[in-house]
Amino acid sequence: MSTSSVRPTPRPGILDIEAYVPGKSSAKGGAKVYKLSSNETPLGAPQSAVAAYRAAADKLDLYPDGSARVLREAIASRFGLDAERIICGNGSDDLLHLLAAAYVGPGDEGIMTIHGFAIYKIAILAAGGTPVIAPEKDLTTCVDAILERVSTRTKVVFIANPNNPTGTYLPFEEVRRLHSALPRNVLLVLDGAYAEYVRRNDYSAGIDLVATSENVVMTRTFSKIYGLAALRIGWAYGPAHVCDALNRIRGPFNVSGPALAAGTAAILDPLHVEASVDHNDRWLDWLTSEIRGLGLAVTPSVANFVLVHFPGDGPGDDRGGATAAEEFLAERGVIVRRVASYNLPNALRITIGSEEANHAVVAALRDFQKGSGVA
Ligand SMILES: *Cc1c(COP(=O)(O)O)cnc(C)c1O
């Protein structure tokens, strides 16, 4: 080999990673653009958080509090938790990566589901581990399929509950059943990015399970219902020994000062969350039934988005379906999310938007269906 061709090579697994593709944020057509591709809130950030963020502009020369103490204490008091067992991250993605980095290595396996959140696979591969993919049942996490794939190499199981992009959830009895059957050395990660939106008696984000076990971690985010996606703030609640491990490898200042200030204000603003849930309840039902009325299948969702299915000629074939619909909607200024990379080539994920955005979605889909000769 000539010296000129020698160059640094990433560790095994790194180049197997397909980089995360974010939801699109702009469209060509349409005077007005409705961004419904990343599950952001239509209500915006709470005014209290915006004010705190602006006030933080006077302290940009100072390092933030690396322990995020004030934010952790605000989260702890809001949810009745022990602040010592909370760890904050630069978005919950940061925490998911830290969990994989701390517990998964070469030769180890991490389990996720076939339509599970894309970051899990990236985090497992980046840590040098092997992702093991469990099938789902009716686009829902299947406990038995996960348990069948547990081996001596399994180190972590990642579940989003509710899941993105399907919008489905696992009743808490099922999460408990999964936990009871998992070996005690396997870490169960419950990603509750959409927990606040769920209005079901048999749902729990898992706080009690974390509090009473040594191998369960719950992650949460400020990016969705709290309306602070731009700031990148997430948090995890876990056993003290897991927080200790993550604290050793995280960036020492992984949450910025303005983010800490805005996040603290947002968590102390329950009215904003309530308004978001009320808005979502109303429009989730409306959008689901309107879209079904156009002859398209919609997976029942408990989150702030819906998964809409288009006809195709079989797995992998989206002719006349999701791709065409996505382009048609984009021309109308309605930006939605393709989910082919989630093994859902014939579906689109659409975030619940403002009243105006939701009407724009239905009007555009109606015209698309007419053009397809369906309705
Ligand atoms: C949006 C989302 C997150 C949040 O990511 P952040 O890094 O906190 O913005 C985490 N998990 C799932 C399933 C999500 O959909």
Side-chain angles (χ1 to χ4, degrees), residues 19-25 35-42 45 49 68 71 75 86-101 110 112-124 126 136 139-141 156-170 175 188-198 203 205-206 217-237 246 250-251 254-256 259-260 262-263 266-267 276 280 299 301-307 336-339 341-344 349-352:
Y20 183 83
V21 182
K24 290 183 187 163
S25 53
K35 183 174 187 285
L36 305 173
S37 55
S38 299
N39 298 343
E40 294 139 329
T41 175
L71 177 58
I75 294 168
I86 294 172
I87 175 167
C88 296
N90 186 28
S92 50
D93 288 355
D94 184 24
L95 297 162
L96 297 168
H97 274 280
L98 291 170
L99 286 162
M112 61 178 287
T113 67
I114 179 110
H115 308 301
F117 187 47
I119 297 296
Y120 310 148
K121 191 174 180 186
I122 294 175
I124 294 164
E136 298 188 4
L139 297 176
T140 307
T141 300
V156 60
V157 175
F158 284 107
I159 292 178
N161 198 26
N163 184 48
N164 168 21
T166 53
T168 57
Y169 77 106
L170 209 50
V175 177
L188 175 60
V189 179
L190 301 174
D191 178 345
Y194 302 95
E196 286 85 354
Y197 284 110
V198 187
Y203 173 80
V217 172
M218 171 189 73
T219 61
R220 304 283 284 263
T221 183
F222 282 82
S223 301
K224 306 290 160 51
I225 205 161
Y226 294 99
L228 298 176
L231 289 183
R232 318 299 309 121
I233 323 167
W235 56 281
Y237 178 54
L246 301 191
R250 71 177 171 86
N254 60 340
V255 186
S256 76
L260 291 172
I267 206 85
S276 302
N280 201 65
T299 300
S301 170
V302 295
N304 70 333
F305 54 86
V306 287
L307 187 68
V336 301
R337 182 72 146 85
R338 290 226 51 204
V339 283
S341 62
Y342 284 88
N343 299 302
L344 295 163
R349 190 193 69 196
I350 306 178
T351 306
I352 309 301

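Numbering of ligands and ligand atoms starts at 1, following listing order.
Inclusion of Ser223 in the set of residues having an N or O under 3.5 Å from an N or O of ligand 1 is warranted. Remark: ligand 1 and Thr221 share an N or O pair separated by less than 3.5 Å (distance only, no angle test). Here's the thing with Asn39: none of its N/O atoms is less than 3.5 angstrom from an N/O atom of ligand 1.
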Identify all side-chain donor-acceptor contacts of residues 88-98 below 3.5 Å with residues at least two apart in sequence or on another chain.
from  : atom 1 : to     : atom 2 : distance (Å)
Asp94 : OD2    : Asn90  : N      : 2.8
Asp94 : OD2    : Asn254 : ND2    : 3.2

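Between Met112 and Phe117, the shortest heavy-atom distance links the atoms CE-O, 3.6 Å.
Contact annotation: for Phe222 versus ligand 1, there are no heavy atoms closer than 4.0 Å. For Ser92, heavy-atom contacts with ligand 1 shorter than 4.0 Å involve the backbone as well as the side chain.
Residues Thr168 and Asn163 have side chains that never bring a donor and an acceptor to within less than 3.5 angstrom of each other. At a cut-off of 3.5 Å, with distance as the only test, no side-chain donor of Tyr203 or Asn161 sits close to an acceptor on the other residue.
With sequence neighbours left out, the ring pair (Phe, Tyr, Trp, His ring centres under 6.0 Å) criterion links Phe158 to Tyr120.
In terms of protein heavy-atom proximity, atom 14 (C) of ligand 1 is closest to Lys224 NZ, 3.2 Å.
Note on ligand 1: Asp191 sits in its first shell, one or more heavy atoms being nearer than 4.0 Å.
A cation-pi contact, defined as under 6.0 Å to the ring centre and within 45° of the axis, is absent between Arg220 and Tyr197.
Within ligand 1, counting atoms from 1 as listed, the ones closer than 4.0 Å to a heavy atom of Arg232 are 6 (P), 7 (O), 9 (O).
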